[in-house]
Amino acid sequence: MNSFLNPLMNPALGGLPVVNDELVQHVEGRSGVIWSYGNLFDSLQHLIRICHEGEEGYRQAAEHTQNDWLRSQFESYSKQREQFAVELSNIAAGYGSESQVGTTVGETLHKAWVDLRTALTGTTNDDKVLLEELERNEDTAKAAYEEQLEKGLPEHVH
């Protein structure tokens, strides 16, 4: 995996920090914010879900567009979101936690709304509707990332 995060995934760097035979359960974030591993993992898990939502949204858009150029773009963005999720999962794994991929209630409701809107409007192949929906999803993802960044994530996660 070619990623700027690869140095952090190097097993030779060691495992979780241990001080006086006790496993350290926190990490310092930006601006001196102290993160428990649990809170950090919850934030990472939230972003992983956001990435998977984006991956799925772009995959579905690629399936519904009739435009070859847009299909290629959507497939590329879907793979990019998948890579983001893998990188975040690797960071979470570095703290001894495995990410859990699944749908949240919000994701399920959102998908149901999109399916209903598509059924009612009959616009399954309307690229304008696809682009509007993708833009809304990107705004949601951007807001989620900004919210986590404002919390003062540790430097290597930031």
Side-chain angles (χ1 to χ4, degrees), residues 1-9 25-65 67 69-121 123-158:
M1 166 173 52
N2 290 330
S3 166
F4 67 93
L5 294 174
N6 272 349
L8 299 172
M9 307 313 146
Q25 296 293 320
H26 62 275
V27 64
E28 186 173 346
R30 295 170 64 97
S31 304
V33 175
I34 302 298
W35 286 78
S36 72
Y37 285 174
N39 287 341
L40 181 56
F41 179 73
D42 289 345
S43 287
L44 290 169
Q45 188 64 37
H46 176 67
L47 294 176
I48 291 166
R49 280 193 195 105
I50 294 291
C51 290
H52 283 299
E53 287 177 25
E55 174 189 0
E56 179 64 17
Y58 280 114
R59 187 191 61 74
Q60 287 183 15
E63 290 175 3
H64 288 94
T65 186
N67 182 300
W69 183 83
L70 280 177
R71 181 177 302 109
S72 173
Q73 293 297 305
F74 294 158
E75 289 169 350
S76 174
Y77 290 142
S78 178
K79 290 175 185 168
Q80 181 186 51
R81 297 319 184 268
E82 178 183 28
Q83 182 63 35
F84 292 163
V86 167
E87 291 176 358
L88 291 168
S89 295
N90 286 340
I91 292 171
Y95 287 101
S97 297
E98 291 184 33
S99 63
Q100 301 156 354
V101 178
T103 56
T104 65
V105 173
E107 293 168 27
T108 303
L109 291 174
H110 178 72
K111 184 178 180 331
W113 167 247
V114 171
D115 291 346
L116 175 63
R117 189 175 80 182
T118 300
L120 292 175
T121 61
T123 56
T124 56
N125 295 323
D126 184 349
D127 289 340
K128 182 177 186 275
V129 172
L130 289 174
L131 290 168
E132 288 170 352
E133 187 61 31
L134 291 170
E135 183 175 6
R136 253 189 304 280
N137 291 342
E138 282 298 302
D139 290 343
T140 300
K142 181 181 173 189
Y145 268 84
E146 287 174 350
E147 176 185 341
Q148 296 307 314
L149 291 173
E150 288 174 7
K151 290 180 178 180
L153 290 168
E155 190 65 39
H156 70 284
V157 176
H158 184 87

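Just so it is clear, the values below take in all heavy atoms, side chains as well, and ignore hydrogens, waters and symmetry mates. Since this is a predicted model, take the numbers as computed values, not measurements.
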Could you measure the distance from the CZ atom of R71 to the OG atom of S78? Nearest 0.5 Å is fine. 13.5 Å

How many angstroms lie between atom CD of Q73 and atom CG of N67, to the nearest 0.5 angstrom? 9.5 Å

Kindly compute the distance separating CD (E75) from OG1 (T65), expressed to the nearest 0.5 Å. 10.0 Å

So do the side chains of Q148 and L153 get within less than 4.5 Å of each other, counting heavy atoms only? yes

Under the side-chain contact (heavy atoms from CB on, under 4.5 Å) test against R81, which residue among E55, R59, E56 passes? E55

Side chains of L134 and F74: does their closest heavy-atom pair fall under 4.5 Å? yes

Using 0.5 Å steps for rounding, measure from the OH atom of Y145 to the NE2 atom of H46. 9.5 Å

Y58 and its side chain to side chain donor-acceptor pair (under 3.5 Å) partner, picked from E138, E63, Q80, K79: E138

Inter-residue atom distance I34.CD1 - L40.CG, 0.5 Å rounding: 12.0 Å

Could you measure the distance from the CZ atom of R49 to the CG atom of L88? Nearest 0.5 Å is fine. 12.5 Å

Between S89 (side chain only) and A85 (backbone N and O only), is there a donor and an acceptor less than 3.5 Å apart? yes

Quick check: do L131 and E135 have side-chain heavy atoms less than 4.5 Å from each other? no

